[in-house]
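Every chain is numbered from 1 and lettered A, B, ... according to where its sequence line falls, protein lines coming before strand lines.
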Protein chains: 2
Amino acid sequence: MAQIKIGLVEDQLLFREGIKAILEAHPDMEVIFESGDGYSVINSLQKCTTRPDVMLVDLSLPADGTKEYNGLNLTLGLQEHFPSIKVLILSMHADEYFIAQLIEEGAQGYLVKDSDPQEVIDAIWKIHTKGSYINERTLKAIQNKLGNKIKGKKLNETLTKREIEVLKLTCQQLTAEEIAERLFISVKTVNGHRNNLLQKTNSRNVTGLVLYAVKHNIVDIL
Amino acid sequence: MAQIKIGLVEDQLLFREGIKAILEAHPDMEVIFESGDGYSVINSLQKCTTRPDVMLVDLSLPADGTKEYNGLNLTLGLQEHFPSIKVLILSMHADEYFIAQLIEEGAQGYLVKDSDPQEVIDAIWKIHTKGSYINERTLKAIQNKLGNKIKGKKLNETLTKREIEVLKLTCQQLTAEEIAERLFISVKTVNGHRNNLLQKTNSRNVTGLVLYAVKHNIVDIL
DNA sequence: CTTAAAACAGGTATTTATACTTGATTTTAG
DNA sequence: CTAAAATCAAGTATAAATACCTGTTTTAAG
């Protein structure tokens, strides 16, 4: 069989180069595409003559000012423009919410960043030959989500635009009053959104909201 | 000159293996020691016959239940037990506070994880031959800290044990009252500590505290 | 096009966090 | 070993966040 052509989308250069070194040690794998951000990927790929078979995508890609562009968005975009490219998500955490959603949105696999290098090789191989790679963790996450849907528990509801706005501003240490001014709504409304956020994220107070935002890459730390 | 013997302390296996692959591509570098946590390093090294010349240490190492053991602690321990080993810190963020403190505590260099692989190679080489590696970012951090000391602005005061305890419990979404119960002190005292935390971290509210804790690896996300 | 559901906006009462002080105890430096 | 400084503890008054509820607008499905 021919070499597997691999694309890497990962902002941490050192990490990206590291994976590249690991992959290229295998004679049947070749890294033919690299990017440090998500938003330029689709465009760049359209200009390429040869396209990757498998894309390794970091879930927590940095956002540029105007557009959110994390691994989830990129997965959607790739699915739309290049449905033949398989996507393997790499993530910092085993985030059940995102795992299930990513698979739903078209990713073919999910791995945490502290996986064994051999597991990455295996995953790429299986995705390329069998079309997908699901490990126990991923399976569990999907089952959990399905389970909750059936139970109607809605453990991981999706946040609305407004809620995300409020959450982001909250993470900038603004008070409800200040957020109200910025969004031209009443303080009471802001608190309403915050209450919904608390419920949806299963948090007790702003602390939980901030941690949620950090975990889900809704805000950038630093 | 003989090969440079390198030790790696990094919890993310994939990242560790990646760096290893990059380093071992250089004929004059050899990885002779690896660890996924901080607390076992000193012990393991004492049993080794050959010890690394340079140790690459991840700043944000996971804590085991009883003891904190991040890159800072490990640097101190290495400095004490094996003063001849040079320490190069790898960190997620360019954290000015920690950069300065780490250099103070005995680290010979500091790099962010999105550095160019060549910079890591250079840094290791310079640390081994010249004894230290300071890039612009690190220098700036040190200057800032010194500058602030002179100005008396105390931008980055060190937190006390009690304050860190309160901060950690705060990050677990406990209210001041609950923290008071756990620590067997008054709610008023807890709030006192929180106020000191707000000042020392230049935060406006708990949001700032949580973000500070995340940035400084005082709490683990996930 | 209508209708149900979701999202948004706003309100009141209560709980919790923050600002600002003060005194006791423990550390640190000379 | 003492003096100064840092830390810990606690108090009052005020500002902000949270719990719970209601009506309006926007979206999506039939």
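At the phosphate of D:dA15, neither OP1 nor OP2 sits under 4.0 Å from any side-chain N or O atom of A:Thr175. For A:Lys161, no side-chain nitrogen or oxygen approaches OP1 or OP2 of D:dT26 to under 4.0 Å. Remark: B:Thr160 is not in phosphate contact with D:dA6, judged by side-chain N or O atoms under 4.0 Å from OP1 or OP2. Considering only side-chain N and O atoms, B:Arg162 lies nowhere under 4.0 angstrom from the phosphate OP1 or OP2 of D:dT7.
A side-chain donor from one of A:Glu119 and A:Asn135 sits under 3.5 Å from a side-chain acceptor of the other.
In this structure, A:Leu198 atom CG and C:dT14 atom P are separated by 20 Å, rounded to whole Å. Rounded to a whole Å, the CD atom of A:Glu163 is 8 Å from the C1' atom of C:dA7. Following rounding to the nearest Å, B:Gln173 (CD) and C:dT16 (P) show an atom-to-atom distance of 14 Å. Rounded to whole angstrom, the span from the CG atom of B:Asn196 across to the C1' atom of C:dA17 amounts to 15 Å. Per the geometry, CG belonging to B:Asn195 stands 15 Å off P belonging to D:dC8, to the nearest Å. Computed from coordinates, the A:Leu183 CG to C:dC8 P distance equals 11 Å when rounded to whole Å. Straight-line distance from the CG atom of B:Leu197 to the P atom of D:dC8: 10 Å, rounded to whole Å. Distance B:Gln199 CD to D:dT7 C1': 14 Å, rounded to the nearest Å.
In this structure, B:Asp114 and A:Asp11 have side chains that are not in contact, with every pair of non-hydrogen atoms separated by 4.5 Å or more. Within the 4.5 Å cutoff, no side-chain heavy atoms of B:Lys200 are placed close to those of B:Tyr212.
B:Asn205 comes within 4.0 angstrom of the backbone, heavy atoms only, and of no base.
At least one donor-acceptor pair closer than 3.5 Å links the side chain of A:Arg51 to the backbone N or O of A:Leu45.
Summarising the geometry of A:Ile89 relative to A:Ala107, their closest heavy-atom pair is CG1-CB, 3.9 Å, with the distance given to 0.1 Å. The two residues B:Ala213 and B:Cys171 come nearest to each other via the heavy atoms CB-SG, 3.7 Å. Nearest heavy-atom pair, A:Ala123 versus A:Leu88, reported as atom, atom and distance to 0.1 Å: CB-CD2, 3.9 Å.
The 12-atom threshold is exceeded at CD of B:Gln172, counting heavy atoms of other residues, nucleotides or ligands nearer than 6.0 Å.
Taking the C1' atoms of five terminal pairs at each end of the helix from C:dC1-D:dG30 to C:dG30-D:dC1, the two resulting helix axes are inclined by 70°, rounded to 10°.
In the set C:dA19, D:dT18, C:dA17, the nucleotide with an atom closest to the side chain of B:Arg194 is C:dA17.
For residues 187-199 of chain B, no pair satisfies salt bridge (Lys or Arg N to Asp or Glu O under 4.0 Å), with sequence neighbours left out.
Taking a 4.0 Å limit (strictly below) on heavy-atom distances, residues 184-193 of chain B reaches DNA chain D at B:Ile185, B:Ser186, B:Lys188, B:Thr189, B:His193.
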